[in-house]
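Proteins get letters first, then strands, A, B, ... in listed order; numbering begins at 1 in each.
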There are 2 protein chains.
Amino acid sequence: MKDENTHYGVKEIARRANVSIATVDRVIHNRPGVSEKTKKKINDIIIELDYQPNVLASRLASRKIISLAVLIPRVSEETDFWEAPLRGVMRAESEIKKYGIQVLPFFFDLNDKHSFTEQAELILKKEVQGILLAPSFIEESRQLITACQKLKIPVVFIDSNVPEQDNLCYIGPHLFQSGYVGAKLLTYRLKENHKVLVVNISKEKDNYSYLQIEDGFRSYFKDHSQPCEIIRIDIKDTDKLSVTKDLTRVLFEHPDIEAIFVTNSRVFSVASFLENAGRKDISLIGYDFLKENIRFLKEGMIDFLICHKPEEQGFRGLMALYQTLVLGSPVEKVHFMPIDIITKENQAFYQN
Amino acid sequence: MKDENTHYGVKEIARRANVSIATVDRVIHNRPGVSEKTKKKINDIIIELDYQPNVLASRLASRKIISLAVLIPRVSEETDFWEAPLRGVMRAESEIKKYGIQVLPFFFDLNDKHSFTEQAELILKKEVQGILLAPSFIEESRQLITACQKLKIPVVFIDSNVPEQDNLCYIGPHLFQSGYVGAKLLTYRLKENHKVLVVNISKEKDNYSYLQIEDGFRSYFKDHSQPCEIIRIDIKDTDKLSVTKDLTRVLFEHPDIEAIFVTNSRVFSVASFLENAGRKDISLIGYDFLKENIRFLKEGMIDFLICHKPEEQGFRGLMALYQTLVLGSPVEKVHFMPIDIITKENQAFYQN
DNA sequence: CTGAAAGCGCTTACAG
DNA sequence: CTGAAAGCGCTTACAG
């Protein structure tokens, strides 16, 4: 019953090379203590036979546990966004723990750079084999990555990218294009005066993600030479009071604003404001599949949510580490997530 | 180094039950030849220890190959829709073939019921352990499923469901809601007279899928008591001539139609017609991420495509079989796919 | 009805 | 620099 599927194993390689399988094993894993000559002989046979290691057997025999660190923002009362990537990570872990893989989660505070550095140091002490990272703080992330480079620890980015960095890969949104899509959706809701407001609500001064989003947003109008007046506002504090105060002011100055585009997941606080202000005439678009956002989406206060599959980012991020570390197969350097459009009507079936 | 992760195996069960591991194995797999007494004893220990079998070891030791049949429509020149599910199936196979799983693909002709029955019989002869099925022909599918029930072969449906059938699960769209979303999207493009055309292009008389879609589509307007005149047309042949003829007629009778909703993936032929007829003023919505559709989407002839992740349907469908057959873990009876909204702007990042 | 033993394709000490 | 042997947690004949 030998079909074309005949796979040769270490035994056959050893037989052909006239060595023991222990030596074959050494060559396969690049372990020292093999003469160049036998090494070459074995490698040639490996190529000739197109040897594919049996991951099952390998993981079964090796009682080593591979530890992967995950460093992402802590879920705060302010937003439950980071629940989703964590869920994805956990799902990945439960799928691959049978291969002896263990996940060590670390969390930092999005309002505190120091907590990031702190956790990063903790990770380095743990001697993990790979890291999944949300590089929210660019400089601090750069430092961590430099350290990992020296230790040859692969790092995967999710949610946002730090370009020109020697990481394993990035799995997340194409922010520019995402803003572009946002603009397109917004045009569906424009009526006469074509005046829109872009809102960025964030305490973090160093988060440049929204710049790319806003860039894409503005580009849409440029590309389509649509006459559209864009007002913008930065709300530097995330609490209800600040949001209310700032929005009240801008809407007083520009009562003819037709639509609002929020560059991140805090669109719910704008929705809440509009609801209280009785401005249901203003269309609203923002980001992310948060519980609060969905509530306003269902109520009709939010017209569209754009979403980049945060759960899948976590899942795929961890699987990318697994792929290099265990399977030794290559991973794509950049993997953009889809730009999902969520409305009241299709939200029930959305998969993060 | 014994943390809470201590997992007991067959050896420990055997030791505690004072039997050999062969007997434990018999009980685990419900194989005959064990006295009720020892069976009970072993089962009790299994429960007490919360025994989790090691799939790796199990698949490694068992040299049995599990064969799964896939029965889906053949990719025709008319449409490449079924490429995607097949791709998903292949991707699943390459992930799990290391567990000794083999996929046997079978194809039928969507214009020929007989070819379905023929292939179904071939599958039954092959003695496969599971079937992934696109139940395009309802009666014929029912027959196949009845046969599988007797043989205790699990069957997974994708793309469309056959309700009240004892299959393992359904993985596919919620058609009603999908039509509902289509209607919502269409309203974005409506201007004055609110007159829309619903087009169903299909040779198959027995495909009821579009009825559910149309139902959802109409329900949207009912729910929102929007004044909207809905014209409908059935185009019974898929060739260009028929489509042109029928559409020319209906647009002559109703020159004030503002938007067209096509209930399936043949929206490209309507787009092609509109382009040639110079009716770029008419908005167009349809289904599926086909090459031709994307071309028209990019050109702006199609406004929205709705898509239900056909590749993922194939992938998940096969994985569902793997889950029951190999892992023995339960699968959800119905798994609805997201209702994805594709526009010119986000199409580049869409993942089928 | 039950068990001893070999084997799946690897890895891991240990010995030389 | 290299090999013989035991073992990972199961399954599979085979023998009784």
Salt-bridge criterion met for A:Glu93 and A:Lys97 (N-O under 4.0 Å): no
Only Watson-Crick and G-U wobble pairs, only distances under 3.5 Å, only runs of 3 or more: what stems does that leave for DNA chain D? C:1-3 with D:14-16, C:5-12 with D:5-12, C:14-16 with D:1-3
Which pairs, with at least one residue in residues 118-131 of chain B and sequence neighbours excluded, count as a salt bridge (charged side-chain N to carboxylate O under 4.0 Å, His left out)? none
Taking only distance into account, with no hydrogens and no angle test, what donor-acceptor pairs under 3.5 Å do side-chain atoms of residues 140-154 of chain A form with protein atoms, sequence neighbours excluded?
{"from": "A:Ser141", "atom 1": "OG", "to": "A:Phe137", "atom 2": "O", "distance (Å)": "2.6"}
{"from": "A:Arg142", "atom 1": "NE", "to": "A:Gln165", "atom 2": "OE1", "distance (Å)": "2.8"}
{"from": "A:Thr146", "atom 1": "OG1", "to": "A:Arg142", "atom 2": "O", "distance (Å)": "2.7"}

Mind checking whether A:His174 and B:Phe349 have parallel, tilted or perpendicular rings, split at 30° and 60°? tilted
OP1 or OP2 of C:dG7 versus the side-chain N and O atoms of A:Lys11: is any pair under 4.0 Å? no
If only side-chain N and O atoms of A:Ser62 are considered, is one of them under 4.0 Å from the OP1 or OP2 phosphate oxygen of C:dT12? yes
Let me know the distance between CD1 of B:Ile65 and P of C:dC8, rounded to the nearest Å. 15 Å
N/O (side chain, A:Tyr51) to phosphate O (OP1/OP2, C:dC10) under 4.0 Å: yes
Quick one: B:Ile46 CD1 to D:dC10 P, roughly how many Å, whole number? 10 Å
Is A:Arg31 near enough to C:dT12 that one of its side-chain N or O atoms lies under 4.0 angstrom from OP1 or OP2? yes
By side-chain contact (heavy atoms from CB on, under 4.5 Å), A:Thr324 pairs with (sequence neighbours left out) A:Leu168
Round to the nearest Å and state the distance from B:Leu60 atom CG to D:dG7 atom P. 17 Å
Heavy-atom count check: over 12 atoms from other residues, nucleotides or ligands less than 6.0 Å from B:Lys333 NZ? yes
Tabulate below the donor-acceptor pairs under 3.5 Å that side-chain atoms of residues 30-48 of chain A make, not counting sequence neighbours, or state none.
{"from": "A:Arg31", "atom 1": "NH2", "to": "A:Asp25", "atom 2": "OD2", "distance (Å)": "2.3"}
{"from": "A:Ser35", "atom 1": "OG", "to": "A:Thr38", "atom 2": "N", "distance (Å)": "3.3"}
{"from": "A:Ser35", "atom 1": "OG", "to": "A:Thr38", "atom 2": "OG1", "distance (Å)": "2.9"}
{"from": "A:Thr38", "atom 1": "OG1", "to": "A:Ser35", "atom 2": "O", "distance (Å)": "3.1"}
{"from": "A:Lys40", "atom 1": "NZ", "to": "A:Asp44", "atom 2": "OD1", "distance (Å)": "3.2"}
{"from": "A:Lys40", "atom 1": "NZ", "to": "A:Asp44", "atom 2": "OD2", "distance (Å)": "2.7"}
{"from": "A:Lys41", "atom 1": "NZ", "to": "A:Ala17", "atom 2": "O", "distance (Å)": "3.2"}

B:Asn54 atom CG is separated from D:dC8 atom P, nearest whole Å, by 12 Å
Ignoring hydrogens, what is the shortest heavy-atom contact between B:Tyr8 and B:Tyr51? Give both atom names and the distance. O-CD1, 3.3 Å
dist B:Gln313:CD -> B:Phe157:CZ (nearest 0.5 Å) comes out at 13.5 Å
What N/O pairs connect the protein and nucleotides 1-3 of chain C at under 3.5 Å? Give each pair on its own line.
{"from": "C:dT2", "atom 1": "OP2", "to": "B:Ser35", "atom 2": "N", "distance (Å)": "3.0"}
{"from": "C:dT2", "atom 1": "OP2", "to": "B:Thr38", "atom 2": "OG1", "distance (Å)": "2.9"}
{"from": "C:dG3", "atom 1": "OP2", "to": "B:Ser20", "atom 2": "N", "distance (Å)": "2.8"}
{"from": "C:dG3", "atom 1": "OP2", "to": "B:Ser20", "atom 2": "OG", "distance (Å)": "3.3"}
{"from": "C:dG3", "atom 1": "OP2", "to": "B:Thr23", "atom 2": "OG1", "distance (Å)": "2.9"}
{"from": "C:dG3", "atom 1": "N7", "to": "B:Arg26", "atom 2": "NH1", "distance (Å)": "3.4"}
{"from": "C:dG3", "atom 1": "O6", "to": "B:Arg26", "atom 2": "NH2", "distance (Å)": "2.3"}

